[in-house]
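Heads up, the thing below is written out as structure tokens.
Counting convention: from 1, in listed order, for ligands and their atoms alike. Throughout, residue positions are numbered sequentially from 1 according to the sequence presented. These numbers were taken from a predicted model, which means no experiment stands behind them.
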Amino acid sequence: MDIARIKRVKPLMDRRFGMFIHWGIYSVPARASRSEWIRNVDRVTIEDYQPYFDTFNPVDYDPKKWARLAKEAGMKYAVLTTKHHDGFCLFDSQYTDYKSTNTPCGRDLVKEYVEAFRAEGIMVGLYYSLLDWHHPDYPAYGDMHHPMRDNREFKGQGEHFERYVEYLHNQVRELLTNYGKIDIMWFDFHYGEMTGEKWEATKLVKMAREINPDLIIDDRLGGDIKVEEPVYYAGDFGSPEQMIPAGGVRDYKGNPIPWETCMTLNDNWGYSQRDMNYKSAKHVIRMLVECASKGGNLILNVGPDARGNIPKKSIEILKEVGEWMRLNGESIYGCGIADYPKPEWGRITKGEKAVYLHAIDLNQDTISMTNFPYKVKMATRLSDGSLLSMAEPWNVDSYDGENNVFVHMPPFPVLDPVDEVIKLDIE
Ligand code: GLC
């Protein structure tokens, strides 16, 4: 991976924990199975989808509240869907009428989001769907995903695909110029022939980087970021979805490369009032620790409802995560892979001057590690700053190898059942 890329993506990777926001007029039908894919799943025509456009009026939309929640949860960046596959734009684009300013809502939702999150010091990202099920020049009949994929009346749509590509480029330019400096552009996604230069991706990324040389871009335009010399538009980080890869993300030579797992908090990206299958705060924290220990980020999703409120249950979970992050965030931000195998009792993250032991499943009151590659100065319990003894057992030589580290843990009843973090200061 080239140096420029690593430098560009570092500010994002250091932040480790982000908020994904899937919001659009699909929050009106709020369907339980694949909310934002409802047009695809039920083969809904544009006409039958129109009532959701006509009634979209998020009277409670206050992105300052969302931004404060993200901050409280310990999230340091955010990505909002500015246009999803249904083609509906949450911003005042001059290239379409299919936008929030023409619904009863009448507001540029992206503008307000960008301002609110930026004001909280949160890095701002924009998601933009490459697929567009509303645009008259996007292939429909025979396309793999289009809602009208089986409808012969749509034969021939897409013959002037270049007009769609121009639209896509124009909108990306709008997004990158009308709202100040955007930090992250999150394109979604490529499939079959709809990949790379089909989107005129080289030209698109050139344009984007001319506007903002620091812009961080995901890897979903196409191309392969794992090869030694990825194509120009291949993007800056890998984007595994709904899973954390066993070994993190690595190039074909085995070297770690930047990545971010995107994950729903329940089972859907978009809002669904029936989906109560939420992950617990414990589950979220452990996922985040797993990502960081493997050198990656976690971007966790919320799906605001049609009034513009983030579901209560999501708020509750995020606040709980935030309490843990307030005390233990130091072991996540700016931390990555340690030069030591994953221990039986948990995981390890490494910062610049410290190694963090995440005791998740400890069966004894001493942590012992052998052949530890770092010289440890002292051990403290991260959540309360108390010093822990590192005394060696008298007969250690009979059992362990070289460079042993012992940490005498606090008593079991006080250990954090989610993840007890021990900080080892290293030389
Ligand atoms: C997918 C889905 C989508 C979601 C996204 C998030 O590709 O199409 O609905 O927005 O991934 O990663």
I'd like to know if the side chain of D92 pairs up with that of T101 as donor and acceptor (distance under 3.5 Å, no hydrogens or angles considered).
yes
For D416, the salt bridge (Lys or Arg N to Asp or Glu O under 4.0 Å) test, sequence neighbours excluded, returns none
Verdict with reasoning, S239 to D219, per side-chain hydrogen bond (donor to acceptor under 3.5 Å, both in side chains) | CA-CA 7 Å; S239 58; D219 68 339; 2.6 Å; yes
**Request:** For the residue pair M19 and V302, establish whether any side-chain heavy-atom pair is separated by less than 4.5 Å.
**Result:** yes
Exercise for review: Say whether N301 and H22, considering side chains only, have a donor N or O and an acceptor N or O under 3.5 Å apart.
Suggested key: yes
Ligand 1 atoms nearer than 4.0 angstrom to some heavy atom of Y127 are 10 (O)
With heavy atoms and a 4.0 Å threshold, my read on which part of D188 contacts ligand 1 is side chain
K294 meets the salt bridge (Lys or Arg N to Asp or Glu O under 4.0 Å) criterion, sequence neighbours left out, with E290
*ligand 1 contact by W186, heavy-atom criterion under 4.0 angstrom*: yes
W269 heavy atoms within 4.0 Å reach ligand 1 at atoms 4 (C), 6 (C), 12 (O)
Closest heavy-atom approach to atom 12 (O) of ligand 1 among Q242, R34, R220, H85 is made by R220
So the atoms of ligand 1 within less than 4.0 Å of a heavy atom of C262 turn out to be 12 (O)
The closest protein heavy-atom partner of atom 2 (C) of ligand 1 is W37 NE1, 3.5 Å
Within 4.0 Å of some non-hydrogen atom of H84, the atoms of ligand 1 are 3 (C), 4 (C), 9 (O), 10 (O)
Checking heavy-atom distances from atom 1 (C) of ligand 1 to each of H190, E36, H22, E241, the winner is E241
